[in-house]
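Order of the sequence lines sets the chain letters (A, B, ...), proteins ahead of strands, with each chain counted from 1.
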There are 2 protein chains.
Amino acid sequence: MRVDATDRHILRLLQEDADRSTADLAVSVGISPGACWRRIEKLESAGVITGHTVEIDPRALGFEIQVFLRITLDKTAPNAFDSFIRAARAIPNVQSIETLLGRVDIRMDVIARDLAHYQQIYQEQILALPNIADIEALMLVSELKNTEALAI
Amino acid sequence: MRVDATDRHILRLLQEDADRSTADLAVSVGISPGACWRRIEKLESAGVITGHTVEIDPRALGFEIQVFLRITLDKTAPNAFDSFIRAARAIPNVQSIETLLGRVDIRMDVIARDLAHYQQIYQEQILALPNIADIEALMLVSELKNTEALAI
DNA sequence: CTTGAAAAGCAGTGAAC
DNA sequence: GTTCACTGCTTTTCAAG
């Protein structure tokens with residue numbers, strides 16, 4: 001779909017404050033509530049708005065450790081990629097998996113309650129994944145900027 | 001604050017479907033709408049729920065390229081870290097910045113419209129950042145799992 | 001101090017223009 | 001694209017445990 005200036009305006013406001021009512025939004029954008037509502041619905045059905053998320057502080061739930069894994073796969077094994085991905089997806093403590101173009105193949109985020117818990121996940125679940133050639137782990141110290149908001 | 005079993009139940013349902021009404025939620029959890037609303041409010045004010053986000057597909061807005069930068073800082077420069085972070089934060093196309101414990105110092109996500117746009121941002125803004133000793137860039141190919149949901 | 005019921009206010013929704 | 005009316009959710013209040 002075509003995203004015009006009004007849509008961008010709405011998206012920007014939504015990113016700034018997702019809790020804003022459509023009535024509020026409509027006033028800010030300068031259109032009627034009905035029109036605003038219809039635009040948001042269009043953006044949702046067109047897949048521009050992919051979802052609504054509630055952000056929860058991992059620390060409040062006892063997840064103190066976040067580790068980035070950079071994994072290189074064994075290219076000699078057949079179907080190395082597929083079998084690895086399928087197995088990795090099933091690990092609950094793996095928050096995200098991404099394929100990368102560059103010196104490594106896979107990037108994964110792992111959360112754990114503490115270092116002992118992480119060590120257990122690492123040994124029992126991560127190292128059990130098939131076709132791993134090399135792993136590099138980096139621990140998150142602090143998040144200094146996190147803009148979900150796109151530079152619209 | 002203490003997060004009990006009912007709170008965890010609510011959080012899990014919220015992560016599954018952020019759009020759910022508190023009335024719906026109350027029925028699922030088995031408490032009254034009033035009580036459910038009070039719990040959510042408590043979780044918000046206690047900082048367990050850190051925010052509500054509208055997820056927008058970067059591609060729909062014309063951001064086709066996402067690059068991970070891993071940056072090592074020049075440790076000989078005084079205040080290398082602070083001046084770097086301050087400058088990096090100001091770049092709109094830098095989505096997130098994180099400090100890491102390991103072989104590199106900083107991890108950054110950069111979004112761009114296309115490769116030419118990325119090249120421009122890289123040369124004009126990223127390389128202009130102070131105290132960089134080394135940069136490694138990895139391009140995102142595909143996102144295979146992205147669970148904002150914590151393993152509650 | 002916490003819970004549930006009930007009432008009031010207000011936003012979302014859809015029809016009519 | 002706008003207005004208007006209605007439905008239903010959110011939010012408050014109040015009484016009881």
Exercise for the section: Please work out which residues in residues 3-28 of chain A have a non-hydrogen atom less than 4.0 Å from an atom of DNA chain D and list them by number. Expected result: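 Contacting residues: none.
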Fill in the blank from the handout: Which of dG1(D), dT2(D), dG4(C) is nearest the side chain of S32(B)? It is dG4(C)
Handout entry: Distance below 4.0 Å between W37(A) side-chain N/O and dT13(C) OP1 or OP2
Key =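 Yes, W37(A) has a side-chain N/O under 4.0 Å of OP1/OP2 on dT13(C).
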Problem - R113(B) and E64(B) ion-paired at < 4.0 Å - result: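 Salt bridge: no.
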Whole angstroms only, please: what is the [atom1]-[atom2] distance between [X] and [N]?
X      : N       : atom1 : atom2 : answer
I40(B) : dC9(D)  : CD1   : P     : 14 Å
I31(B) : dT2(C)  : CD1   : C1'   : 12 Å
E41(A) : dT13(C) : CD    : P     : 8 Å

Problem - Check: R38(A) side chain, dT2(D) base, donor-acceptor under 3.5 Å - result: yes
Problem - Quiz item: cation-pi between R107(A) and F68(B), 6.0 Å / 45° - result: yes
Handout entry: Side chains of N146(B) and S96(A), donor plus acceptor under 3.5 Å
Key =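 Short answer, no.
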Please tabulate, for side-chain N and O atoms in residues 21-28 of chain B, each donor-acceptor pair with protein atoms closer than 3.5 Å (sequence neighbours left out).
residue : atom : partner : partner atom : Å
S21(B)  : OG   : D24(B)  : N            : 3.1
S28(B)  : OG   : R20(B)  : NH1          : 3.1
S28(B)  : OG   : D24(B)  : O            : 3.3

Practice task
Walk me through it: do T53(B) and T53(A) pass the test side chain to side chain donor-acceptor pair (under 3.5 Å)?
Solution key: CA-CA 5 Å; T53(B) 318; T53(A) 318; 5.5 Å; no
Handout entry: Which residues share a ring-ring contact (aromatic ring centres under 6.0 Å, His included) with F63(A), sequence neighbours left out
Key = none
Fill in the blank from the handout: A correct dot-bracket answer for DNA chain C, with pairs being Watson-Crick or G-U at under 3.5 Å, [ ] for crossing pairs and | for inter-strand pairs, is |||||||||||.|||||
Fill in the blank from the handout: Residue pairs meeting side-chain hydrogen bond (donor to acceptor under 3.5 Å, both in side chains), one or both in residues 117-133 of chain A, sequence neighbours left out, come to S83(A)-N131(A)
Please set out all donor-acceptor pairs under 3.5 angstrom arising from side-chain atoms of residues 33-45 of chain B, sequence neighbours excluded.
residue : atom : partner : partner atom : Å
R39(B)  : NH1  : D4(B)   : OD1          : 3.0
R39(B)  : NH1  : D4(B)   : OD2          : 3.0
R39(B)  : NH1  : D7(B)   : OD1          : 3.1
E44(B)  : OE2  : H52(B)  : NE2          : 3.0
S45(B)  : OG   : E41(B)  : O            : 3.2
S45(B)  : OG   : K42(B)  : O            : 3.2

